[in-house]
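This report concerns only the one structure given below.
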Amino acid sequence: MKNIAFIFPGQGSQTTGMGLDLYNNFESAKKVYQTADNILNKSISKMCFEGPDELLKQTINAQSAIVATSIAALEALREASKGEITPKMTAGHSLGEYCAMYCAGVMDMETTFKAIQKRADLMDAATKVKTGAMSAVLGLDVEKIKECLKQVQTLGTAQIANYNDPTQTVITGESEAILKANELIKEAGARKVVPLAVSGGFHSALMQSATDGFCDFVKDLKLSNAKIPVVTNVDAQATVSAEDFRAKMPKQISSSVFWVQTIQHMLNEGIDTFIELGNGKVLAGLNRKICPAEVKTCNVYDAQSLNDTVNNILNLV
């Protein structure tokens, strides 16, 4: 029997047309989009299927659209496999953590959509207060990146947003500080520094107002203990307790995403097969850099990839 983990992508994975094939082929996926439209009182499904890109990539829309698509992929997999493919653990990259919590039974679907829309609204509001920037750093040791970030602290906040894979780290903070950090990091020997097209310095102290607002919001949120462990972004630790999630959810907005460490934790727990549920193959790409060659990552983003994954997994069992 394979030891399977379900993983869910985050913001930036969105593309116009995502989820449409699942919607057309699986009743369970269709219900997810209908639920999202009803709860959020806007046509998430139309934005996913028709765009336009400019509308879809806005934080206030992108987060709920990505979550809807990932949950639709999850429910379609459950439908197609008749519940035979189940994970031992789950995790999500930043925003994707909410899909992982839904998958583990921490929140029901309605609560998940309400929580993610509140998170998106607060993060969007925080970008209006203080503008920020983010850059992806390729091919430089994390310790050298941290040294460069220390040197620009006089210009403003600068910290690591995402530990994505051993060769890719994302930095975040105030625009002036990140601009200078980009220069220093190039001088330190980075293979590439790519400024990201984002509206703010996410996963940094610039998001503190969003963290504070979300702290108030989650006080009354209906949360349950997880049925399977969720490895959380803020500490790469397996989490089950509802109250632990309540404490970690606000922190996640302004703290680093320890993704490399999350995957390594799962590997240490014996996970040998990952299934990425949601648009694209971003996490599968990161896994190739993190995991040993024998560890497989399958994808579910349309009917074909879903059928391939089901056949692959069930034939291997």
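In this text, all values refer to a predicted model and were calculated from it rather than measured experimentally. When a residue number appears, it is its place in the shown sequence, counting from 1.
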Nearest 0.5 angstrom please: [X] [atom1] to [Y] [atom2], how far?
X      : Y      : atom1 : atom2 : answer
Ile39  : Ile116 : CD1   : CD1   : 13.0 Å
Glu110 : Leu40  : CD    : CG    : 9.5 Å
Lys289 : Asn164 : NZ    : CG    : 10.0 Å

Answer yes or no: is there a donor N or O on one side and an acceptor on the other, between the side chain of [X] and the main chain of [Y], under 3.5 Å?
X      : Y      : result
Glu97  : Ala91  : no
Asn279 : Ser13  : yes
Gln58  : Leu56  : no
Gln252 : Val234 : no
Thr309 : Asn299 : yes
Asp21  : Ala303 : yes
Gln153 : Ala158 : yes
Arg119 : Phe214 : no
Glu276 : Ala284 : yes
Asn268 : Gln264 : yes

Set of residues satisfying ring-ring contact (aromatic ring centres under 6.0 Å, His included) with respect to His203, sequence neighbours excluded: none
In terms of the angle between their ring planes, are Phe258 and Tyr163 parallel, tilted or perpendicular, with boundaries placed at 30° and 60°? parallel
Sequence neighbours left out, cut at 3.5 Å: what donor-acceptor pairs do the side chains of residues 122-129 make with other protein atoms?
from: Asp124; atom 1: OD1; to: Lys128; atom 2: NZ; distance (Å): 3.1
from: Asp124; atom 1: OD2; to: Lys128; atom 2: NZ; distance (Å): 3.0
from: Thr127; atom 1: OG1; to: Asp124; atom 2: O; distance (Å): 2.6

Intermediate values then yes/no, side chain to side chain donor-acceptor pair (under 3.5 Å), Thr239 and Lys248: CA-CA 10 Å; Thr239 306; Lys248 289 180 183 185; 2.7 Å; yes
Please walk me through it: do Ser45 and Gln34 pass side chain to side chain donor-acceptor pair (under 3.5 Å)? CA-CA 7 Å; Ser45 55; Gln34 289 170 341; over 6 Å; no
From Ile71, Leu20, Thr69, residue fulfilling side-chain contact (heavy atoms from CB on, under 4.5 Å) relative to Tyr33: Thr69
Show, in sequence, the C-alpha distance, side-chain angles and deciding distance for Met107 and Leu221, and conclude whether the side chain to side chain contact (heavy atoms under 4.5 Å, CB included) test is met. CA-CA 9 Å; Met107 296 184 283; Leu221 206 61; 4.2 Å; yes
Should His93 and Ile7 be marked as a side chain to side chain contact (heavy atoms under 4.5 Å, CB included) after you check the CA-CA gap, both sets of side-chain angles, and the distance that decides it? CA-CA 8 Å; His93 190 285; Ile7 53 176; over 6 Å; no
Membership question, hydrophobic clusters at under 4.5 Å side-chain separation (ILVMFWY): are Leu138 and Leu286 in the same one? no
Steps toward ring pair (Phe, Tyr, Trp, His ring centres under 6.0 Å) verdict (Tyr102, Phe8): CA-CA 11 Å; Tyr102 169 78; Phe8 300 90; 8.7 Å; no
